[in-house]
Number of protein chains: 2
Amino acid sequence: MSRPSPYRAVKAHVLARIRSGEWPPGTLVPREEDLAETFGCARMTVHRALRELADEGVVERRRRAGTRVALPTTRTAPVEIPRVDREVEAMGASYRYLRLARATEPASPSAAARLGVPEGTEVLRVECLHHANDSPFQLEERWISLDVVPAAREESFADVAPNVWLLERLPWSDVEHVIGATNATRKVAGHLGIEPGEAVLEVERRTWLERRVITYVRFLHPGRFYRLRTAGRPG
Amino acid sequence: MSRPSPYRAVKAHVLARIRSGEWPPGTLVPREEDLAETFGCARMTVHRALRELADEGVVERRRRAGTRVALPTTRTAPVEIPRVDREVEAMGASYRYLRLARATEPASPSAAARLGVPEGTEVLRVECLHHANDSPFQLEERWISLDVVPAAREESFADVAPNVWLLERLPWSDVEHVIGATNATRKVAGHLGIEPGEAVLEVERRTWLERRVITYVRFLHPGRFYRLRTAGRPG
DNA sequence: GAGTGGTCTAGACCACTTT
DNA sequence: AAGTGGTCTAGACCACTCA
């Protein structure tokens with residue numbers, strides 16, 4: 001262990017009491033001023049420790065009412081949705097990208113709804129496949145709003161994956177994910193090298209730049225092989 | 001809008017530059033001291049703003065090297081895994097819990113591995129079903145380590161869901177989730193009221209208390225109806 | 001060695017909520 | 001009205017990392 005800085009010491013102290021069960025949910029944590037005196041440090045130092053614990057959902061703070069240990073039921077764990085190419089490489093496998101289709105076309109009702117544009121607006125649709133060690137790992141179907149990203153009209157996406165291309169050019173302000181499970185259609189099964197009807201993990205993502213949808217994308221993964229993983233702590 | 005506090009103003013200023021594209025990834029953000037002068041505030045105030053942006057993954061900071069706009073590719077979005085009963089109620093549906101089975105039994109090899117106990121150790125297995133408006137919403141199979149939670153031996157779980165019971169009694173220090181898709185077996189399909197072979201969303205969760213696994217649980221949701229959802233921002 | 005961020009202090013005043 | 005957290009200041013010194 002290294003010497004913990006004072007604010008870390010305060011955090012650790014409070015967390016240890018909570019985890020040991022000594023301070024069950026609802027317990028009133030000592031006032032900042034008292035903790036500062038206990039630890040022989042400034043109130044700002046204690047404040048930072050408690051503020052971070054509050055940000056992490058470990059405690060709840062209200063002026064006048066003080067700081068209380070939060071009910072663990074209100075806490076949720078973050079799940080990370082990784083970028084496929086990096087994930088493949090992290091597994092020590094070789095990554096390969098293959099474009100299946102690219103077309104500018106009038107937005108279908110569902111695509112228009114998801115991109116937030118009028119039906120029939122010209123949008124770019126790209127379909128591609130990501131491989132790990134030459135076996136299909138992710139099937140991607142993507143719509144890009146040409147209003148927001150006009151430069152995409154000139155890009156073939158034959159060699160560069162759309163997510164890489166987009167991320168290098170555009171910042172984003174909001175993102176939404178929807179995760180579900182579905183049965184592989186014959187077409188999907190053919191691309192992923194599985195049997196029709198096999199379960200596939202479906203991740204849909206919409207990305208915004210200041211209220212306008214940049215892109216809507218649907219990823220399909222073979223359910224037998226692919227998992228989303230995460231680890232988290234309450235604090 | 002209300003008057004933002006100075007540190008929020010600094011955060012907003014930096015975020016706006018990044019989102020507008022004026023500061024693309026890799027751009028060097030002004031030094032704390034310079035920003036403090038620009039905003040006419042103390043360096044600590046700027047520091048807090050930049051520290052929060054760094055915690056959120058928007059910028060990367062290194063001593064001597066300064067603060068740089070992070071590559072958006074390194075950012076990930078959090079997904080919240082909600083508690084089922086609350087989720088059902090949030091949809092305006094009525095929630096119902098049904099215990100299917102409860103038994104203390106020697107840990108099978110796979111259960112032992114997941115709980116981190118020797119094979120054959122006595123563990124508690126609970127199987128139950130969660131309903132929304134009387135239709136099955138989630139099938140749950142759970143193993144509880146009796147070494148860590150001896151009190152569970154006396155609880156029937158006939159009326160109280162294990163997660164609620166556990167959360168009211170025990171704090172936790174770590175959690176891991178694995179999300180995948182699988183095909184419903186005949187038994188699973190029967191419980192969930194779907195056809196065998198239909199895609200189901202599978203969420204596995206392990207919860208630790210200081211290096212010891214409290215419980216391992218596997219949730220199965222009908223893929224046709226259930227989705228995990230999230231929304232996030234880069235900062 | 002020099003320049004950046006990381007942390008801390010010992011105050012101060014403000015904002016909010018409960019009494 | 002009083003008590004709590006929320007924020008800020010104007011310094012200070014330390015830790016790390018690059019040149």
Side-chain angles (χ1 to χ4, degrees), chain A residues 1-18 23 25-71 74-75 234-235, chain B residues 1-18 23 25-71 74-75 234-235:
Chain A
M1 316 289 184
S2 62
R3 266 175 305 194
S5 55
Y7 96 85
R8 283 176 201 283
V10 175
K11 260 185 98 164
H13 175 265
V14 173
L15 264 177
R17 295 253 168 332
I18 293 173
W23 290 355
T27 304
L28 193 62
V29 174
R31 303 162 43 230
E32 293 186 350
E33 213 166 329
D34 291 349
L35 280 174
E37 195 179 357
T38 303
F39 280 82
C41 66
R43 182 171 78 96
M44 262 294 273
T45 304
V46 170
H47 177 74
R48 176 170 173 191
L50 294 182
R51 176 160 44 79
E52 290 195 0
L53 288 174
D55 288 345
E56 292 158 6
V58 177
V59 299
E60 285 170 358
R61 319 194 71 196
R62 289 215 322 264
R63 301 182 205 211
R64 168 89 189 185
T67 301
R68 286 181 185 277
V69 178
L71 298 176
T74 61
R75 290 186 244 159
Chain B
M1 310 298 180
S2 63
R3 266 175 305 197
S5 56
Y7 95 86
R8 285 177 200 282
V10 175
K11 262 185 94 165
H13 175 263
V14 173
L15 265 177
R17 296 255 169 330
I18 293 173
W23 292 355
T27 303
L28 193 63
V29 174
R31 301 161 47 232
E32 293 186 349
E33 213 165 329
D34 290 350
L35 280 173
E37 195 179 355
T38 303
F39 281 83
C41 66
R43 184 170 77 94
M44 264 294 275
T45 304
V46 171
H47 177 75
R48 177 172 173 191
L50 294 182
R51 174 160 45 78
E52 291 194 358
L53 288 174
D55 288 346
E56 291 159 6
V58 177
V59 299
E60 285 171 0
R61 321 194 72 197
R62 289 210 327 261
R63 300 180 204 211
R64 167 88 192 186
T67 301
R68 285 180 185 279
V69 178
L71 297 175
T74 62
R75 291 185 242 159

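So that the names make sense, note that chain A is the first sequence line, chain B the second, and so on, each numbered from 1. Any value given below was found using the heavy atoms of this structure, including those in side chains, with hydrogens, waters and symmetry copies removed.
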To the nearest 0.5 Å, what is the distance between [atom1] ([X]) and [atom2] ([Y])?
| X | Y | atom1 | atom2 | result |
| --- | --- | --- | --- | --- |
| B:Asp55 | A:Glu56 | CG | CD | 9.0 Å |
| A:His47 | A:Thr67 | NE2 | OG1 | 9.5 Å |
| B:His13 | B:Ile18 | NE2 | CD1 | 10.5 Å |

Under the side-chain contact (heavy atoms from CB on, under 4.5 Å) rule, collect the residues that match up with A:Arg62, sequence neighbours excluded.
->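 Counting only residues at least two positions away or on another chain, A:Arg62 forms a side-chain contact (heavy atoms from CB on, under 4.5 Å) with A:Ala65.
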
Estimate the overall bend of the helix from C:dG1-D:dC18 to C:dT18-D:dA1 from the end axes over five pairs each, rounded to 10 degrees.
->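 Answer rounded to 10°: the end axes differ by 20°.
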
Between [atom2] of [N] and [atom1] of [X], the distance in whole Å:
| X | N | atom1 | atom2 | answer |
| --- | --- | --- | --- | --- |
| B:Glu60 | C:dT4 | CD | P | 18 Å |
| A:Glu33 | D:dG3 | CD | C1' | 10 Å |
| A:Arg68 | D:dT4 | CZ | C1' | 12 Å |
| A:Leu53 | D:dG5 | CG | C1' | 15 Å |
| A:Glu52 | D:dG5 | CD | P | 17 Å |
| A:Arg64 | D:dA1 | CZ | C1' | 8 Å |

Expected string for nucleotides 6-11 of chain C under the B/S/- scheme (protein heavy atoms, under 4.0 Å, primed atoms plus P, OP1, OP2 as sugar-phosphate) is BBBBB-

Report the residue from A:Lys11, A:Arg8, A:Arg61 that forms a salt bridge (Lys or Arg N to Asp or Glu O under 4.0 Å) with A:Glu52.
->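 Per the salt bridge (Lys or Arg N to Asp or Glu O under 4.0 Å) rule, the option paired with A:Glu52 is A:Lys11, out of A:Lys11, A:Arg8, A:Arg61.
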
Check whether any side-chain nitrogen or oxygen of A:Arg31 sits under 4.0 Å from OP1 or OP2 of D:dT4, and answer yes or no.
->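 Checking D:dT4 against A:Arg31, a side-chain N or O does come within under 4.0 Å of OP1 or OP2.
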
Partners passing salt bridge (charged side-chain N to carboxylate O under 4.0 Å, His left out) against A:Arg63 (at least two apart in sequence or in another chain) |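 Counting only residues at least two positions away or on another chain, A:Arg63 forms no salt bridge (charged side-chain N to carboxylate O under 4.0 Å, His left out).
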
What pairs with B:Arg68 under salt bridge (charged side-chain N to carboxylate O under 4.0 Å, His left out), at least two apart in sequence or on another chain?
->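 With neighbours one apart ignored, the set is empty.
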
Which donor-acceptor pairs under 3.5 Å do the side chains of residues 35-43 of chain B make with protein atoms, sequence neighbours left out?
residue	atom	partner	partner atom	Å
B:Thr38	OG1	B:Asp34	O	2.9
B:Arg43	NH1	B:Glu32	OE1	2.4

